[in-house]
Undergrad: 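Quick one: structure below, then a few questions.
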Amino acid sequence: MAETASDTHDGPEGEETRRDFLLISTIAVGAAGAAVAAWPFIHMMNPSRDVLALASTEVDLEPIEEGQSITIVWRGKPVFIRKRTAKEIEIAKADDAATMKDPEADGTRVKKPEWLVMIGICTHLGCIPLGQKGSDPKGEFGGWFCPCHGSHYDTSGRIRKGPAPKNLPIPPYTFLDDTNIRIG
Amino acid sequence: MSENTRKFKNPVINWIEYRLPIFSFIDDSVGSNYPSPRNLNYWWNFGSLAGVTLVVMIATGIFLAMNYTPHVDMAFDSVERIMRDVNYGWLMRYVHMNGGTMFFIAVYIHIFRGMYYGSYKEPRELLWIIGIVIFLAMMATAFVGYVLPWGQMSFWGATVITNLFSVIPFFGDSIVQWLWGGFSVDNPTLNRFFSFHFLLPFVIFALVFLHLWALHEHKSNNPTGVEIKGDADVIPFHPYYTAKDAFGLGVFLIFFLGFTFFAPNFFGEPENYIRANPLVTPAEIVPEWYFLPYYAILRAVPDNFIDAWGILPVIITAKEAGVILMFASIIALAFLPWLDSSKVRSAKYRPIYKQLFWVFVADTFVLGYIGAHPAEGHFLLIGRIATAYYFFHLLILLPLLGRFEKTRPLPESISASVTNASSEEGQ
């Protein structure tokens, strides 16, 4: 229909006309409008402000004794915080030279050697490793042990044996003072 | 326009028909005025069975939604309240739970029937592709629905499956956060999954109408795979196939309600009666039975399969390759009309394809069995072989087979095949 109309009114066949320009520009503006209107729907599904407000967590480290671990929830995920003993730090540093799947020096995994802060989710299939309680199995390297498929993590949370491909990840955190940290 | 209005006996129907020709529409669609091949066997029942199950799911689902609370603190308890305190709540939930299983059984048989009789071939390609889209929508619906009771398997299943999207290059992590509405599966996730679970069945309903529209354009395929050539080949849908479908439905309902009343948790996972706990993972995360073959494919790719060979730089990891393979296993089905090069539709006249079809069916069962077991040792090896065969069948065997297979002679027409068969039986 449109073609017939433009053929009869706007000029020779096969040539662009003002009508074509109007048609194309209307479609373009309409498409842009649709995209703009779609954005609120898309963005509504992104994390909301209250969720973002809880995206960081402050932790008081004061009550944690040497050799003790606590698990706190940050962004819905468990975070392991451990005050390591001098012996554990020593082993972790000595093992820097060992062959590892995901080589990383202990020094780059901590801000202060006694405080190890990491996300407690096994990098294999997302299970929660054991080793937080004194009675838990800690694996062959004295750190954490994932019961699902047998991954062993050392005292720096590095993968040493088993199917997991990566070390336990370190969340972004800062020391607010000597005994308080903010994660996130 | 109005001169063409069909006349019925009942004057009220005539009054409506004159203004809105809905009765002739029904009669032309599923009534005495819709011609169907006269030789459809019982494998052709499963389309209507799937349709009935969809209606049952929507009906029970709407009543369950009246009593369900989509909040992480209350969802689990609200489901238990449905089970214990709400009148007939247990019935609605068990019908809904087992209805999901029955829906997938009906649809899997429906898909396999289409593959056996070559129903996807020209001119029914779009009909087939719409069917695959319905299947994908069903899988999405089932997945989000399984999260709603907020048990351990709900939570960890949701975590594993949503994490699959993190393999998308560059945007993976933001897409996963967008799906979650946060930084892990949490209350916003549960809320939106509830919303989608309510919406998607109606999308499926609309897709079913497109599916039927495409079906009615060229009518049903049939066991001979020969097109309808004349009046001798067809019988009216009503009463012949309405009666046959109704009988099949009766048998199907015995099976369906047998599980609902006598083994309602047979297909379920006991772990899901434990409240979701983000800090404790179940010993093993297993999907519902209807996803097991895909789960096996997902886990079939060897860990670090590229860098273990040390030949290529690491482009994709095992996890990414597994996700790609899993989606490809379904997308490949949509291309069946072009992958299968044979001109003959029905496996009845394709001696080699007939056998390979059953090998393929067996292969999917093997994948399902492997999907239910941890990906270790010989399970992993068998899973890899079965995955390789799945793609070998679809991508290599089918295109080649059409060229080399010697097919048996086709009957002249549907009616000829029926009368010849009966005269042979007579002798």
Side-chain angles (χ1 to χ4, degrees), chain A residues 38-57 69-81 101-102 119-133 136 144-151 159 162-166 169 171-172 183-184, chain B residues 72 152 155-164 166 171 173-193 195-196 276-286 295 298-299 302-305 307-308 314 317-320 322 373-377 379-380:
Chain A
W39 176 244
F41 290 91
I42 295 166
H43 195 48
M44 196 170 170
M45 285 179 69
N46 270 325
S48 56
R49 289 183 193 195
D50 63 321
V51 171
L52 290 174
L54 295 173
S56 63
T57 307
S69 304
I70 62 160
T71 306
I72 58 123
V73 179
W74 170 70
R75 295 185 173 182
K77 299 174 187 129
V79 170
F80 293 171
I81 302 175
K101 247 190 204 174
D102 183 13
I119 297 172
I121 296 178
C122 181
T123 55
H124 179 225
L125 287 170
C127 294
I128 316 292
L130 299 173
Q132 286 293 89
K133 288 188 207 129
D136 279 350
W144 286 264
F145 172 69
C146 183
C148 292
H149 302 92
S151 292
I159 179 68
K166 300 250 181 227
I183 307 173
Chain B
V72 287
Q152 271 290 67
F155 180 88
W156 289 99
T159 302
V160 169
I161 302 299
T162 48
N163 262 318
L164 295 182
S166 67
F171 308 107
D173 288 333
S174 1
I175 286 175
V176 174
Q177 282 188 9
W178 178 70
L179 288 172
W180 287 338
F183 303 104
S184 59
V185 174
D186 209 335
N187 200 46
T189 327
L190 180 60
N191 271 284
R192 63 190 55 188
F193 278 19
S195 180
F196 286 135
N277 182 351
L279 298 186
V280 178
T281 351
E284 217 204 327
I285 301 170
V286 211
Y295 198 51
L298 173 72
R299 299 185 302 175
D303 272 338
N304 305 328
F305 126 97
D307 51 21
V314 182
T317 64
K319 187 175 155 195
E320 290 161 355
H373 292 84
E376 298 162 349
F379 286 125
L380 187 59

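Here is the naming used below: chain letters follow the sequence lines, and residue numbers restart at 1 for every chain. Only a predicted model underlies this, so the values are computations on that prediction, with no experimental measurement involved.
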Undergrad: So, taking the atom named CD in B:Gln177 and the one named CZ in A:Arg75, what distance separates them when rounded to the nearest 0.5 Å?
TA: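 Nearest 0.5 Å value for the CD-CZ distance: 6.5 Å.
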Undergrad: Looking at B:Ser184 and A:Gly76, what are the two nearest heavy atoms and their distance?
TA: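 In this case the closest contact between B:Ser184 and A:Gly76 is OG-CA, 3.3 Å.
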Undergrad: Which atoms of A:Pro147 are under 4.5 Å from chain B, going by heavy atoms: the side chain, the backbone, both sets, or neither?
TA: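 Neither the backbone nor the side chain of A:Pro147 comes within 4.5 Å of chain B.
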Undergrad: Measure B:Pro278 against the heavy atoms of chain A and call it side chain, backbone, both or neither at under 4.5 Å.
TA: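 Contact with chain A involves both backbone and side-chain atoms of B:Pro278.
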Undergrad: Of the non-hydrogen atoms in A:Val51 and B:Gly182, which two are nearest, and what is the gap between them?
TA: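 The answer is CG1-CA, 3.7 Å.
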Undergrad: Kindly give the heavy-atom pair with the smallest separation between A:Cys127 and B:Pro282, and that separation in Å.
TA: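 Taking every non-hydrogen atom into account, SG-O, 4.5 Å.
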Undergrad: For B:Thr281 versus A:Ile128, what's the shortest heavy-atom pair and its separation?
TA: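 The answer is OG1-N, 2.7 Å.
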Undergrad: Any idea which heavy atoms bring B:Arg192 and A:Met44 closest together, and the distance?
TA: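 So the two residues come closest at NH2-O, 4.3 Å.
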Undergrad: Write down the atom of B:Phe183, the atom of A:Leu52, and the distance for their closest heavy-atom approach.
TA: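 The answer is CZ-CD2, 3.7 Å.
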Undergrad: Where does A:Ile42 contact chain B at under 4.5 Å (heavy atoms): side chain, backbone, both or neither?
TA: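 Both the backbone and the side chain of A:Ile42 come within 4.5 Å of chain B.
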Undergrad: For B:Asn277, I'd like to know if atom CG has over 12 heavy atoms of other residues, nucleotides or ligands within 6.0 Å.
TA: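 Yes, the 6.0 Å shell around CG holds more than 12 heavy atoms from other groups.
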